[in-house]
Amino acid sequence: MFDNRISERRTMTNEIKIRAEGVDVYYGDNHAIKDVSVDISDKMVTAFIGPSGCGKSTFLRCINRMNDTVASARVDGTILLDGEDIYDKRVDPVQLRARVGMVFQKPNPFPKSIYDNVAYGPKIHGMAKNRAELDEIVEKALKRAALWGEVKDRLAAPGTGLSGGQQQRLCIARAVATEPEVLLMDEPCSALDPIATAQVEELIDELRQDYSVVIVTHSMQQAARVSQRTAFFHLGHLVEFDETDRIFTNPTDPRTESYISGRIG
Amino acid sequence: MTDFGATGSHPHELRRGRSLFDLDDRTRRRNRSEGAFRWLGIGAIALSMVFIVILLGTIVARGLPAFTQTTITIEVPLDAAVLDPNGTGDPEVIRSVLTFGYAPLIERGLAGTVAATGVETELTSSQLPQLLSPGVAATLRDMVAADPSLVGQTVQVEALASGRADGYLKGRVTRESLARDTNLSPAHLDVLDALVEQDLARRAFNWDFILGADASESRPEEAGIGVAMIGSFYMMLTVLLLALPIGVAASIYLEEFAPQNRLTDLIEVNISNLAAVPSIVFGILGLAAFIQFAHLPQSAPLVGGLVLTLMTLPTIIISTRAALKAVPPSIRDAALGVGASKMQSVFHHVLPLAMPGILTGLIIGLAQALGETAPLLLIGMVGFIASNPPDGFIDGFVSPNSAMPAQIYEWAKRADPAYYERAWGGIIVLLLFLLVMNVLAVLLRRRFERRW
């Protein structure tokens with residue numbers, strides 16, 4: 001099985017963006033992630049699926065070191081971003097997070113204007129020299145998030161006044177405004193209705209052109225729709241990681257098969 | 001209670017086949033206890049309302065007279081023979097005349113004014129000045145010292161009536177109560193009645209009570225709360241300048257940065273405990289630390305402010321932490337997610353959202369400090385007669401002063417009923433300040449409140 005995967009990956013033209021090797025995560029005494037190794041390619045959508053509590057969100061939060069904010073969390077193993085260990089002592093997580101953006105499960109715009117929401121990241125990273133440049137960045141980010149048309153006339157309106165789907169796209173715009181290389185999405189559609197979900201999914205597919213996207217989802221249909229590769233997590237283990245089509249049509253591991261056919265999870 | 005009591009047969013059997021319109025015993029019992037509880041609640045609220053009305057009514061009824069003061073208009077001849085016996089016209093000589101020298105002039109002036117009303121009185125002209133405040137002579141002396149050319153003229157003076165004469169017009173002093181009083185006789189009251197009739201004695205709004213300084217025990221009519229108010233102002237300023245930054249910084253560190261360990265827990269428990277420590281303990285700590293050890297001046301608003309800062313800090317820290325805790329963690333995640341540092345996420349996002357709660361806590365802390373008396377007892381701010389306003393802004397921090405609640409306590413201790421009235425008046429001023437601060441807290445809350 002291992003050889004098989006290697007040969008398959010060689011057929012892909014995309015470079016490896018993130019390489020995780022033997023990652024273990026502990027929350028106090030709780031061993032949440034057990035020896036996970038995974039390669040995430042550039043310009044591709046990778047989906048993490050699995051039942052609740054399987055560790056997929058935890059693993060996602062390791063990739064931009066958001067777990068650092070949890071006092072009891074401990075991460076072992078290495079995660080390389082472009083070949084550099086992100087858990088190296090010399091790495092400032094703040095700088096890392098500018099390169100690895102994140103979109104959260106619940107839309108969480110700042111209680112500020114739509115403009116300020118998007119402009120916040122570029123501002124703190126000093127990406128714009130003047131107001132005109134900032135305006136340009138904001139417009140570009142909102143266009144990429146497919147939100148520009150809906151909000152261009154009310155950029156000063158509060159971001160919290162938008163609908164749920166718009167708020168989530170605003171959060172995506174906020175994340176892409178800092179020009180990250182990787183976009184992590186933690187169940188971005190779980191709080192949205194089907195129409196908003198479809199819009200966000202379409203957007204994710206477009207974002208693939210520029211970013212390496214990693215999405216955690218509860219919905220297997222969503223993983224099948226948006227991702228090229230899928231990783232199945234179960235009880236902290238990475239059970240199977242392969243081309244999305246293969247995972248859903250011809251899984252190798254019996255646990256994966258049970259999960260996608262609805263017998264567990 | 002009765003809710004779970006067994007009823008014998010199975011409830012389903014009881015319910016089946018009964019009309020919905022007819023209540024079973026159990027339902028009726030439940031409704032009865034619910035009704036009783038509701039009436040208990042209404043009764044409790046009504047009782048507290050009654051107490052509040054009684055409290056406010058008493059305060060207003062007893063305190064309002066302090067806001068008016070009787071003055072008697074007299075014509076005083078500033079006799080050159082008394083004030084400038086050698087006819088030098090030298091301002092230095094005129095200024096050297098003691099207040100004692102003005103007493104006969106006032107006596108003459110009052111006698112003349114009384115004679116002009118045409119009222120018959122058995123009082124000699126030396127007994128009449130008991131109608132006036134002993135402070136009038138000093139007022140007159142200040143007037144002449146400021147303008148020595150007045151000597152030789154007859155000036156019209158709005159002289160403060162004495163505390164008892166004032167009390168008569170306010171209904172506090174009656175002819176019966178004077179029977180046990182050697183200061184004033186019913187004959188004085190006859191004269192006073194005549195003066196009132198001719199509009200020479202009248203009550204007007206008493207700005208001196210609000211703006212003036214405290215006076216000695218025998219001159220309640222001159223006492224005001226103004227200087228104590230300045231003392232309170234300086235203390236509040238000290239508390240604000242120290243407790244706000246220290247309290248907010250401590251809360252932010254504890255809430256956002258501190259590692260969760262035993263030491264942090266210990267600090268948290270101790271802060272909560274400090275909030276419940278009696279204020280007099282902070283007073284004796286201030287005495288030992290600030291006055292005996294650091295040799296700061298006694299009775300200084302700076303020391304009072306420091307003591308009140310210690311007392312207010314736990315309140316501010318507790319409310320600030322609660323306000324920070326109430327900011328949803330998703331906001332912190334969002335900020336960190338776009339690459340903000342911990343400090344940026346706190347200062348750009350969390351703190352602005354916690355602002356209404358922090359400000360409310362701060363103002364409640366300040367209001368509590370404003371009304372605090374006990375710790376001031378120990379650092380010499382009670383019993384001090386704050387007779388002069390401070391000389392300058394900086395001097396206000398260190399020159400001995402009192403504070404509003406300390407002044408009120410001091411007045412309440414004094415024997416003269418006129419001071420008792422002023423104590424109630426002082427309470428009204430204090431309550432007005434607290435009311436203003438609470439309204440401010442509500443307004444700031446509204447102004448800064450945002451939804452997320």
Side-chain angles (χ1 to χ4, degrees), chain A residues 28 60-61 63-72 92-113 116-127 141 158-161 167-168 170-180 183-186 191, chain B residues 250-269 320-360 444-452:
Chain A
L60 188 78
R61 291 169 72 93
I63 302 177
N64 69 345
R65 291 185 60 175
M66 282 297 274
N67 279 335
D68 288 15
T69 60
V70 182
S72 62
D92 187 339
V94 170
Q95 213 173 320
L96 170 72
R97 287 183 205 130
R99 287 173 64 183
V100 183
M102 188 156 190
V103 175
F104 297 85
Q105 183 171 358
K106 226 180 102 207
N108 55 353
F110 301 127
K112 298 183 174 197
S113 72
D116 286 342
N117 261 285
V118 182
Y120 182 67
K123 255 191 222 165
I124 58 171
H125 296 301
M127 290 167 63
T160 42
Q167 285 191 19
Q168 194 60 298
L170 179 63
C171 292
I172 293 173
R174 182 174 66 190
V176 299
T178 53
E179 300 284 346
L183 204 53
L184 308 178
M185 298 182 145
D186 190 358
Chain B
S251 327
I252 289 178
Y253 179 76
L254 283 175
E255 200 55 50
E256 306 282 339
F257 293 94
Q260 286 299 313
N261 56 26
R262 275 231 190 117
L263 185 66
T264 316
D265 288 348
L266 193 71
I267 292 172
E268 280 171 21
V269 168
T320 303
R321 292 191 63 191
L324 291 172
K325 228 175 241 164
V327 175
S330 68
I331 295 292
R332 294 176 182 84
D333 282 349
L336 294 177
V338 294
S341 68
K342 188 97 193 170
M343 203 169 129
Q344 283 172 328
S345 88
V346 170
F347 282 90
H348 295 168
H349 301 288
V350 179
L351 201 57
L353 290 173
M355 222 44 180
I358 295 175
L359 288 174
T360 310
L444 284 172
R445 222 195 154 82
R446 290 253 177 86
R447 168 79 183 70
F448 283 99
E449 206 150 59
R450 290 212 193 106
R451 285 182 305 132
W452 47 72

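So that the names make sense, note that chain A is the first sequence line, chain B the second, and so on, each numbered from 1. Values below: all heavy atoms of this structure, side chains included; hydrogens, waters and symmetry mates excluded.
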message = For Arg65(A), which atoms come within 4.5 Å of any heavy atom of chain B: side chain, backbone, both, or neither?
response =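 Interface part for Arg65(A): neither.
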
inquiry  = Return the OG to CG distance between Ser341(B) and Asp92(A), rounded to the nearest 0.5 Å.
reply    =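 If we round to the nearest 0.5 Å, Ser341(B):OG and Asp92(A):CG are 8.5 Å apart.
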
query = Can you tell me how far CG of Asp333(B) sits from CZ of Arg61(A), rounded to the nearest 0.5 angstrom?
reply = 5.0 Å

Minimum heavy-atom distance between [X] and [Y], given as atom pair plus value:
| X | Y | answer |
| --- | --- | --- |
| Pro111(A) | Ile331(B) | CD-CD1, 3.8 Å |
| Ala334(B) | Arg174(A) | CB-NH2, 3.3 Å |
| Val338(B) | His125(A) | O-NE2, 2.9 Å |
| Thr69(A) | Leu336(B) | CG2-CD1, 3.3 Å |

query = Does NZ in Lys106(A) sit with more than 12 non-hydrogen atoms of other residues, nucleotides or ligands closer than 6.0 Å?
reply = no

key: Partners meeting ring pair (Phe, Tyr, Trp, His ring centres under 6.0 Å) with His348(B) (sequence neighbours left out)   =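 Per chain and number, His348(B) pairs via ring pair (Phe, Tyr, Trp, His ring centres under 6.0 Å) with Tyr120(A).
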
inquiry  = So which residue, Lys342(B), Gln344(B), Gln260(B), Arg332(B), ends up with the most heavy-atom pairs under 4.5 Å with chain A?
reply    = Gln344(B)

